[in-house]
Asker: 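Take this structure, written in structure tokens, and hold onto it; I'll ask about it next.
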Number of protein chains: 2
Amino acid sequence: MTTVNALSEIAALMGDPARASMLSLLMDGRAHTASDLAHNAGITAQTASGHLARMVEAELLAARAQGRNRFYRLASPEVAHAIESLMALAGTRATPASKSAAWRRDPDLRFCRTCYDHLAGQVGIAVTDSLTRQGHLEPKGPRDWQLTPSGELFCGKLGVDLGTARQASTRHFARQCLDWSERRPHISGALGAAIADTFFKRGWAERLRRSRTVRLTDSGRRALGSHFGATV
Amino acid sequence: MTTVNALSEIAALMGDPARASMLSLLMDGRAHTASDLAHNAGITAQTASGHLARMVEAELLAARAQGRNRFYRLASPEVAHAIESLMALAGTRATPASKSAAWRRDPDLRFCRTCYDHLAGQVGIAVTDSLTRQGHLEPKGPRDWQLTPSGELFCGKLGVDLGTARQASTRHFARQCLDWSERRPHISGALGAAIADTFFKRGWAERLRRSRTVRLTDSGRRALGSHFGATV
DNA sequence: TAGATACTTCGGCCCCCGCCGAACCATTGA
DNA sequence: TCAATGGTTCGGCGGGGGCCGAAGTATCTA
């Protein structure tokens, strides 16, 4: 019967140790990169790629390309539910907080970090939310934003170097970037980099050496409140 | 991690078409014989035996030997739940009914037959249900019943030979026997045999030669109504 | 434009596991 | 006691699929 075949196909997909390991990691509800999943499962990138493609094909996972990364997440709560009920059978409960995931234990990293060259984490989200809420930024296409006239003005007052940002013609200007701790898009691209630059230049934030973690200074905290209307 | 391995092992068990077919059939909540399951899955008995052993080992199934048959059923509602959630993912619902199985086509056999030396089929179930409903029989342990004082009286009036039944010390007195057409327990053991004996002696039922089929006579039908409060 | 990084595709190796034939036990019915 | 039936175990065959190295594509950085 078709229903039986469908059952066995889905179950067989979950039945491979490498794929199960990936699904297990994805049970945290977040999106992970292909390399992240490959490393976690202890297999090479090309093997993982095949596994991931098959699971996307079967609609167990959803993929989203972002720059040269590809983020994968569980396709639906139903998938998570099925996995959880299988784990329950094994006598062990689903452990959403997989211990490995180092960044999860690091609240500072979740709070603020660099993502390539722009800000991510709660601060990155706060800035992005503020800009959209105040009408400075509006969606343009599926993965971009554009700066509104008020946004131009706002950036000018802040000292964001829009000129240089616009010169990098080879680069997206205001791109949506999926924040992997907050699971929501924050601003990246040339504008995101320029904004981050401003934060560093004005002493609002400083990089911690040998880490992606960024520390928000006291003046940075005040600036977030006064300029962005955000308390973090 | 152990939880990941457990997930993949359980899922892999369900991921084989033959095993999935068996599990699918067992989703009706009933117990099925090994041959029944093998036939339904389209594989030979020996292949099925291996599959079944593995699933019992993994506690997906529970097995119960009965004579030369072996009945398998899902080990728990949790197993059914997990299977159902996987089927839900496949977008198709579970299909409980299966067509084949020869005895299913023989209504007389389903109605009344001997099971070793006691009554089975709808009549056997009707008698058992009547006894428990009227408080003559009550559960004792996982697979036995015991006769209550009112049950002693009732059997005495009916002419059931309890003395002889109790003498067979080597044998269970009132045992639960899984009825393979009704899929519910009916009464077996020495008491079940004694009751069946009464049916034959009083002309309520008669065996058909060369068959396990039992014919309920007109007086038997009346007796079922008057003594057991059952219409069949 | 060149080089690095993330990911995918391709090709071939190898092992796991599902399958059945044959033989072996256990229970039942005659 | 003997055949018939249901079930299991054993051994060997064969195919599917997981794995990686190598090479190819896309994207970002300089």
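By convention in this document, chain letters (A, B, ...) are assigned in the order of the sequence lines, proteins followed by strands, and residues within each chain are numbered from 1. Predicted model, so just to flag it, every value in this text is computed and none were measured.
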Asker: Is there a side-chain polar atom (N or O) of Arg70(B) under 4.0 Å from OP1 or OP2 of dG6(D)?
Answerer: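 Arg70(B) to dG6(D) OP1/OP2: no side-chain N or O under 4.0 Å.
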
Asker: In whole angstrom, give the distance that lies between atom CG of Leu52(B) and atom P of dT9(D).
Answerer: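 It is 11 Å, rounded to the nearest whole Å.
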
Asker: If I take atom CD from residue Glu138(A) and atom OG1 from residue Thr132(A), how far apart are they, to the nearest 0.5 angstrom?
Answerer: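 Result: 11.0 Å between the selected atoms.
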
Asker: Determine, step by step, whether Cys155(A) and His136(A) satisfy the side-chain contact (heavy atoms from CB on, under 4.5 Å) criterion, reporting the C-alpha distance in whole Å, the side-chain angles of both residues, the deciding distance to 0.1 Å, and the verdict.
Answerer: CA-CA 9 Å; Cys155(A) 285; His136(A) 297 331; over 6 Å; no

Asker: side-chain contact (heavy atoms from CB on, under 4.5 Å), that's the test. Do Met22(A) and Leu60(A) meet it? Break it down for me.
Answerer: CA-CA 11 Å; Met22(A) 295 176 172; Leu60(A) 249 46; over 6 Å; no

Asker: Expressed in angstrom and rounded to an integer, what is the separation of Arg19(B) atom CZ from dC19(C) atom P?
Answerer: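 About 8 Å, once rounded to whole Å.
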
Asker: Within this structure, what is the CD1-to-P distance between Ile43(B) and dG18(C), rounded to whole angstrom?
Answerer: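 From Ile43(B) CD1 to dG18(C) P: 10 Å.
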
Asker: Determine: side-chain N/O of Thr47(B) to OP1/OP2 of dC20(C), distance under 4.0 Å, yes or no.
Answerer: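 So the side chain of Thr47(B) is within the cut-off, an N or O lying under 4.0 Å from OP1 or OP2 of dC20(C).
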
Asker: So with a 6.0 Å cut-off around CD of Glu206(A), is the heavy-atom count from everything else above 12?
Answerer: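 Yes, because the 6.0 Å sphere around CD of Glu206(A) holds more than 12 heavy atoms from other groups.
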
Asker: Atom CZ of Arg54(A) to atom P of dG18(D): distance rounded to whole Å?
Answerer: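 Spelled out: CZ on Arg54(A) to P on dG18(D) is 5 Å.
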
Asker: Output the rounded distance in Å from CZ (Phe173(A)) to C1' (dC28(D)).
Answerer: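 Those two atoms, CZ and C1', are 18 Å apart.
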
Asker: Closest heavy-atom contact between Ala165(B) and Ala194(B)?
Answerer: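 That closest heavy-atom pairing would be CB-CB, 4.2 Å.
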
Asker: Looking only at side-chain atoms of Arg68(B), point me to the closest of dG18(D), dG18(C), dT5(D).
Answerer: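 Comparing dG18(D), dG18(C), dT5(D) against the side chain of Arg68(B), the answer is dT5(D).
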
Asker: With sugar-phosphate meaning primed atoms plus P, OP1 and OP2, does Ala34(B) contact a base, only sugar-phosphate, or nothing at under 4.0 Å between heavy atoms?
Answerer: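 Since only primed, P, OP1 and OP2 atoms lie under 4.0 Å of Ala34(B), the category is sugar-phosphate.
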
Asker: Roughly, in whole Å, what's the span from CZ in Arg64(A) to C1' in dA6(C)?
Answerer: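 Atom-to-atom, Arg64(A) to dA6(C), this comes out as 17 Å.
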
Asker: Nearest whole Å is fine: how far is dG18(C) P from Met55(B) CE?
Answerer: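 Taking CE of Met55(B) and P of dG18(C), I get 11 Å after rounding.
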
Asker: Hey, is the side chain of Tyr72(B) poking within less than 4.0 Å of OP1 or OP2 on dG6(D), counting only N and O atoms?
Answerer: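 No, Tyr72(B) has no side-chain N/O under 4.0 Å of OP1/OP2 on dG6(D).
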
Asker: Output the single nucleotide from dT8(D), dG18(C), dT8(C) whose closest atom is nearest the side chain of His51(B).
Answerer: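 Among the listed nucleotides, the one closest to the side chain of His51(B) is dG18(C).
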
Asker: What's the CG-P distance between Asp16(B) and dC20(C), to the nearest Å?
Answerer: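 Atom CG in Asp16(B) sits about 11 Å away from atom P in dC20(C).
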
